[in-house]
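In what follows, a structure is listed as structure tokens, so that the remarks can point back to it.
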Amino acid sequence: MTERLKLHNDGGRERDVAEAGQPGEDEFRVDIERIRFSPFFSRLAAVTQVIPQAGSGTVIHNRLTHSLKVSAVARSIAITLNNSDERTRSVLAELGGCDPVVVQAAAAAHDMGHPPFGHLGEKELDRVSRSVLRLPDGFEGNAQTFRILTALDSCDATARGLNLTRAVKAAVLKYPWARGDWTQHQRLSSAEMPRGVGDEVSQGAMKFSAYATETAEMHDALSVFPRMDRYQQTLECAVMDVADDIAYAVHDLDDFYRSNILQYTSVSAELGRWLSDCRELGRLHDTELDRRRPGHALESMWRHIQEKDPWIADEDAFRQSVQRVNRDLVEGLLAVPYDGGLEADRAVTAFTRRWIDRLKASIVVDARPHVRSGHVRLSDTAWHDVVVLKFVHSRFVLERSDLAVYQRGQTRIIASLVEGFHEWLRDPDEATTIPRRLLDSVEAATQEYQDLYDRDPSSLGEEGASAIVRLGRARAVVDYIASFTDAQAMSVNALITGSSEEPWEAGRGL
């Protein structure tokens with residue numbers, strides 16, 4: 001046990017560039033402060049979490065407040081694990097340790113790579129970067145986070161990255177593989193591959209944590225955890241991942257309730273009908289399920305869960321979770337509409353605290369986890385609870401037509417920005433007018449692809465060296481747009497399409 005802890009304390013604390021720290025200063029504490037002082041972290045205050053903040057006042061979480069709450073939940077879990085029984089502590093030590101500060105740092109950083117407009121913006125930026133810019137890696141928020149920490153941000157020690165310790169860099173690798181790592185596993189079903197890989201592996205993994213330009217750094221960070229299986233998160237990353245699930249499942253419900261988006265009648269009808277008719281619904285063919293009818297959407301989701309996660313999905317546990325959520329959320333919280341008063345505030349605060357505490361207390365440590373799980377995970381019961389809570393999010397918030405029409409407009413903004421800046425960079429007559437930050441990004445990204453080609457000429461495919469300039473421009477455009485806030489994306493798009501009425505004011509941030 002002491003040998004394994006020593007590996008974590010030594011190798012995990014190393015930086016790419018050696019630094020002379022202050023006496024008694026903890027390396028991991030330095031990392032978390034660098035992340036918190038990063039402009040990429042501050043930017044999260046103006047990036048959508050789930051639903052837009054416009055006109056909602058202070059009631060809606062943004063990416064920054066979400067990250068802070070994930071950090072608090074993650075730290076609490078790590079401390080609890082380190083104070084648990086001897087068997088658990090032995091497993092933790094064997095696998096590299098679980099430092100609460102490393103966990104906090106990873107949680108603070110985990111959303112830094114998210115582009116404007118939440119997950120929808122991420123999906124659209126990936127689509128256009130692959131189809132328009134022909135970037136094989138496309139875009140992925142987790143990979144962008146790792147790129148920010150290791151390449152785009154800077155510190156006193158180096159102009160390239162924050163020079164974080166290997167343990168902290170490894171702890172943000174939520175999906176510790178590159179996009180193309182799973183293309184040779186096309187015969188496997190999604191239930192046989194890690195969560196996040198997706199179904200269409202012929203096009204690469206859906207979720208991944210490093211682009212080709214940062215893959216070597218990903219492997220270097222993971223190398224100080226030799227007892228960790230390939231494609232498996234470190235303990236500290238697994239704690240961050242669980243905390244993210246908990247915060248998303250519970251804190252976002254707080255938003256939806258305070259904004260009066262979640263309505264008692266519709267949620268009650270869906271969950272209540274499934275509970276009363278689940279046997280009859282279970283006998284229907286997939287083609288007979290009609291999501292417009294109460295109970296059918298929940299039945300459809302349950303079948304999907306059974307297919308994806310047969311290792312843990314249990315019918316009795318799922319039914320009990322639906323009953324629990326129906327009793328506490330629907331018949332408890334939603335039965336009284338939010339009116340902005342003190343009683344309503346106390347009710348939602350009590351609900352949030354009760355569920356957060358319950359889920360934090362439901363953590364399991366597995367020495368040999370399933371491929372779709374991690375060494376640190378929710379108990380079987382709590383896992384089903386989170387599945388049901390996430391269903392409520394998806395069905396009654398993300399699928400709302402008023403939100404969908406707004407998001408469709410946002411996808412057009414992302415596509416317009418990519419096409420606009422891409423064409424601008426290709427116009428030789430306009431080279432001197434391109435924003436300096438974008439030009440600097442092109443130069444840096446092009447050098448990264450040159451270095452990648454020098455290390456491995458096959459890494460750029462059939463195009464070889466001729467692709468270096470094109471890929472550098474493409475990656476720079478993606479980096480540039482991904483760094484915008486929601487408001488910046490909208491104002492810059494107005495500029496680039498010629499529809500802005502305040503060109504001087506809106507163009508200052510370019």
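Remark: side-chain polar atoms of Arg475 are paired, donor with acceptor, to backbone N or O of Gly138 under 3.5 angstrom. Counting only distance, with no hydrogens or angles, the side chain of Asp328 and the backbone of Arg324 share no donor-acceptor pair below 3.5 Å. Side-chain atoms of Asp85 come within 3.5 Å of backbone atoms of Thr88 as a donor-acceptor pair (strictly under, hydrogens ignored). The main-chain N or O of His285 is found under 3.5 Å from a side-chain atom of Glu288 such that the two form a donor-acceptor pair. Using a distance-only test at 3.5 Å, with no hydrogens or angles considered, a donor-acceptor pair links the side chain of Ser129 to the main chain of Asp126. A donor-acceptor contact shorter than 3.5 Å is absent between the side chain of Ser300 and the backbone of Ala297. For Asp181 (side chain) and Ala178 (main-chain N/O), a donor-acceptor pair under 3.5 Å exists by modelled atom type. Judged by distance alone, with hydrogens and angles left aside, the side-chain atoms of Ser276 form a donor-acceptor pair with the main-chain N or O of Gly272 at under 3.5 Å. Remark: side-chain polar atoms of Glu236 are paired, donor with acceptor, to backbone N or O of Asp99 under 3.5 angstrom. Between the side chain of Arg372 and the backbone N or O of Lys308, at least one donor-acceptor pair lies under 3.5 Å.
Enclosure of atom CZ in Arg354 by more than 12 non-hydrogen atoms of other residues, nucleotides or ligands within 6.0 angstrom is indicated. Enclosure of atom CD in Gln184 by more than 12 non-hydrogen atoms of other residues, nucleotides or ligands within 6.0 angstrom is indicated. In the displayed structure, Glu280 atom CD is contacted under 6.0 Å by more than 12 heavy atoms of other residues, nucleotides or ligands. For NE2 of His304, the number of neighbouring non-hydrogen atoms (other residues, nucleotides, ligands) closer than 6.0 Å is 12 at most.
Ring planes of Trp302 and His384: tilted class, angle from 30 to 60°. Using cut-offs of 30° and 60° for the angle between ring planes, the Phe139 and Tyr211 rings count as tilted. Ring pair His370/Trp311 is parallel by interplanar angle, where below 30° counts as parallel and above 60° as perpendicular.
Defined by atom type and a distance below 3.5 Å, a donor-acceptor pair is missing between the side-chain atoms of Gln410 and Asp486. Between Asn142 and Thr145, the side chains place no donor N or O within less than 3.5 Å of an acceptor N or O (distance only, hydrogens not considered). No donor-acceptor contact under 3.5 angstrom links the side chains of His110 and Asp241, judged on distance only. Checked by atom type, the side-chain pair Asp153/Ser38 shows a donor-acceptor distance below 3.5 Å. If you check the side chains of Ser76 and Lys360, you find a donor sitting under 3.5 Å from an acceptor. Under 3.5 Å, the side chains of Asp385 and Trp355 contain no donor-acceptor pair of N or O atoms. Under the 3.5 Å distance criterion, with hydrogens and angles disregarded, a donor-acceptor pair is assigned to the side chains of Ser189 and Glu192.
Here the closest heavy-atom approach between residue Arg377 and residue Ser373 is recorded as CD-OG, 3.1 Å. Contact record, Ile35 with Ala105: CD1-O, 3.5 Å, taken as the closest heavy-atom pair. Shortest non-hydrogen contact noted between Ser362 and Ala382 is CB-CB, 3.5 Å. Across all non-hydrogen atoms, the minimal contact from Val47 to Phe484 is CG2-O, 4.4 Å. Residue Pro136 comes nearest to Arg130 through the heavy atom pair O-CD, 4.0 Å, listed as atom of the first residue, atom of the second, then distance. Considering every non-hydrogen atom in both Phe41 and Ser67, the closest pair reads CE1-CB, 4.4 Å.
If you look at Tyr248 and His66, their ring centroids are not closer than 6.0 Å.
Each of Asp31, Asp220, Asp16, Thr150 was evaluated against Lys169; a single residue qualifies, Asp16, per the side chain to side chain donor-acceptor pair (under 3.5 Å) test. When each of Phe208, Tyr231, Tyr175 is tested with Trp182 by the rule ring pair (Phe, Tyr, Trp, His ring centres under 6.0 Å), just one qualifies, namely Tyr231.
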Phe318 vs Trp383, ring-ring contact (aromatic ring centres under 6.0 Å, His included): CA-CA, chis, key distance, verdict: CA-CA 9 Å; Phe318 181 73; Trp383 185 90; 9.0 Å; no
side-chain contact (heavy atoms from CB on, under 4.5 Å) assessment of Ile413 paired with Phe117: CA-CA 10 Å; Ile413 291 174; Phe117 312 135; 4.0 Å; yes
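Interatomic distance, Glu122 CD to Glu140 CD, rounded to the nearest 0.5 Å: 5.0 Å.
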